[in-house]
A.B. asks: 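Before we start, here is the structure in question, set down as structure tokens.
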2 protein chains.
Amino acid sequence: MRLGKKIRILVADDHYIVRIGLVSLVNTAGDIEVVAEAADGSQAIELYEKHQPDLVLMDLRMTVKTGIEATIEIRRKHPKARVLVLSAFDGDADIRKAFEAGAQGYVLKSSTGEKLIPAIRAVAAGERWIPREVAHRLSSRNSYETLTTRELEVLNQIAKGLANKQIASHLGISEYTVKDHLKSILAKLRVADRTEAVSVSAQRGIIQL
Amino acid sequence: MRLGKKIRILVADDHYIVRIGLVSLVNTAGDIEVVAEAADGSQAIELYEKHQPDLVLMDLRMTVKTGIEATIEIRRKHPKARVLVLSAFDGDADIRKAFEAGAQGYVLKSSTGEKLIPAIRAVAAGERWIPREVAHRLSSRNSYETLTTRELEVLNQIAKGLANKQIASHLGISEYTVKDHLKSILAKLRVADRTEAVSVSAQRGIIQL
DNA sequence: TCCGACATCCCTCTTTGGAGGGGGGGATTC
DNA sequence: GAATCCCCCCCTCCAAAGAGGGATGTCGGA
């Protein structure tokens, strides 16, 4: 890495300040260079195609397309693509979704440069990179239970303030069934009622408000 | 500003990357320098005391103490302190609270350097700085109704999944009263039920989940 | 001083939520 | 082919939520 070609990275983050920060941080490293900057998920996909970088530094919560969606699409078209997620959020669902989408690493925005640069080098070299605090989020929640797609649909409608009856007619199913899904949502998230279900799942990154 | 003393600023943000970004952005300006960096609200207060900068660039959502709390405390001790809030969130409540806390400006993290540098110069010079998109958040929600402190207490407990009865005993009031507060919360936020109240108020920055 | 906002308490009534049961059918996996 | 998971439907029952009234006291501003 020291000599010869630099690691070419694409930075995707909707915050201008963050992109500047990454560029200047990476410049101090010497063996890494930012070849393109994307301000949302769609741009990230576009610019990946164009520049074929060695690695994408990907934020998760972006407009137009999320980092998860962008990661999935990039990885689908380019199975060798390397994605290092750089997120402000440490919800277990966010982390899990990132790896499921095909990311090889997950770093928190609060982490310092001494932690970020090695992560970039490692993931660019094909390794996985999961810092202790990130791994902890996953393991501590060992009894984590995944919501089914139907349960997620119901949960999202609940977050909008819809009543079971309304959800039922929206989904074209019986109110009994909505209640059944809700029951299992409450059980899986281990919460008391629909309201706590919404706040807990928002905290953990299961739903976006 | 061009000649002589530089504008001395304190940067407060819990994301290392953002702090780097701000430092390097500001360096390109020439007439501004970062004299200290804080990673949370308490540090911001501490470092303000120590360096007495011309301006604080303050993030809102930080650990230990929020940017709002830090701003209030700094302004209380130093009424001449100038604070420019730099936030990722554009919820009307966040914006409102920032100005109530004594900030003179509010810039979004997605805004580019050409917008941020003038904001820093303006606020440091004693002017107010409210970009169009920020002002719009406030005015579009013209029929915005403020929740009272009691209503906020109730709302926060609702977000935890507590039932009216439990909230009543926690606050030492009657369940009837809790229901009354809830009624006015629902009316003010114009939502259908407690669950939507939680998601809407979280979106708008009225409560933190 | 009167008014309005806030906080408190009270009552009734209807709807909704959620717990706790009972099923059935389809798909996948072992 | 048994087991498991998902999705779906149904029923009862009680507690909780929320709408719609009425009422009291305080406090600060017009």
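What you see is a predicted model; the values in this text were computed from it and never measured. Throughout, a chain's letter reflects where its sequence line sits, starting with A, and its residues are numbered from 1.
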A.B. asks: At under 4.0 Å between heavy atoms, what does Thr148(B) touch on the DNA or RNA strands: base, sugar-phosphate, or nothing?
C.D. replies: sugar-phosphate
A.B. asks: When you measure from the side chain of Lys97(B) to the backbone of Gly205(B), do you find a donor-acceptor pair of N or O atoms at a distance under 3.5 Å?
C.D. replies: yes
A.B. asks: On the nucleotide dC6(D), are OP1 or OP2 found under 4.0 Å from the side-chain N or O atoms that Thr177(A) carries?
C.D. replies: no
A.B. asks: Compute whether any side-chain donor of one residue and acceptor of the other, for Tyr106(A) and Ser87(A), lie under 3.5 angstrom apart.
C.D. replies: yes
A.B. asks: Figure out the CD/C1' separation between Glu175(A) and dC7(D), and round it to whole Å.
C.D. replies: 17 Å
A.B. asks: Hey, does the side-chain of Asp180(A) have a donor or acceptor N/O within less than 3.5 Å of a partner on the base of dC9(D)?
C.D. replies: yes
A.B. asks: Any Lys/Arg nitrogen of Asp13(B) or Lys109(B) sitting under 4.0 Å from an Asp/Glu carboxylate oxygen of the other?
C.D. replies: yes
A.B. asks: When you measure from the side-chain N and O atoms of Tyr176(B) to the phosphate of dC11(C), is any distance below 4.0 Å, counting only OP1 and OP2?
C.D. replies: yes
A.B. asks: Could you state the CD-P distance from Glu145(B) to dA5(C), rounded to the nearest angstrom?
C.D. replies: 10 Å
A.B. asks: What is the distance from CD1 of Ile167(A) to P of dC8(D), rounded to the nearest Å?
C.D. replies: 13 Å
A.B. asks: Checking contacts here: which listed nucleotide (dG18(D), dC6(C), dA17(D)) is nearest the side-chain heavy atoms of Lys188(B)?
C.D. replies: dC6(C)
A.B. asks: Locate the shortest heavy-atom distance separating Ile185(B) from Leu147(B); write the atom from each residue and the value.
C.D. replies: CA-CD2, 4.4 Å
A.B. asks: Which part of the nucleic acid does Lys165(B) contact within heavy-atom distance under 4.0 Å: base, sugar-phosphate only, or nothing?
C.D. replies: sugar-phosphate
A.B. asks: Let me know the distance between CD1 of Ile173(B) and C1' of dC10(C), rounded to the nearest Å.
C.D. replies: 14 Å
A.B. asks: Once you round it to whole Å, what is the distance between P of dA17(D) and CZ of Arg194(A)?
C.D. replies: 12 Å
A.B. asks: When we call it a touch if two heavy atoms are under 4.0 Å apart, what does Ser174(B) touch: a base, just sugar-phosphate, or nothing?
C.D. replies: sugar-phosphate
A.B. asks: To the nearest angstrom, how far is Ile185(A) atom CD1 from dC5(D) atom P?
C.D. replies: 18 Å
A.B. asks: Taking atom P of dG17(C) as reference, at what distance in whole Å does atom CG of Leu162(A) sit?
C.D. replies: 10 Å
A.B. asks: Between the side-chain atoms of Lys183(B) and the base atoms of dG18(D), is any donor-acceptor pair under 3.5 Å?
C.D. replies: no
A.B. asks: Output the rounded distance in Å from NZ (Lys179(B)) to P (dG20(D)).
C.D. replies: 14 Å
A.B. asks: At under 4.0 Å, does any side-chain N or O of Asn164(A) touch on OP1 or OP2 of dT16(C)?
C.D. replies: no
A.B. asks: Measure the shortest side-chain to side-chain distance between Val123(A) and Leu55(A) over non-hydrogen atoms and say whether it is less than 4.5 angstrom.
C.D. replies: yes
A.B. asks: Check whether any side-chain nitrogen or oxygen of Thr146(B) sits under 4.0 Å from OP1 or OP2 of dA5(C), and answer yes or no.
C.D. replies: no
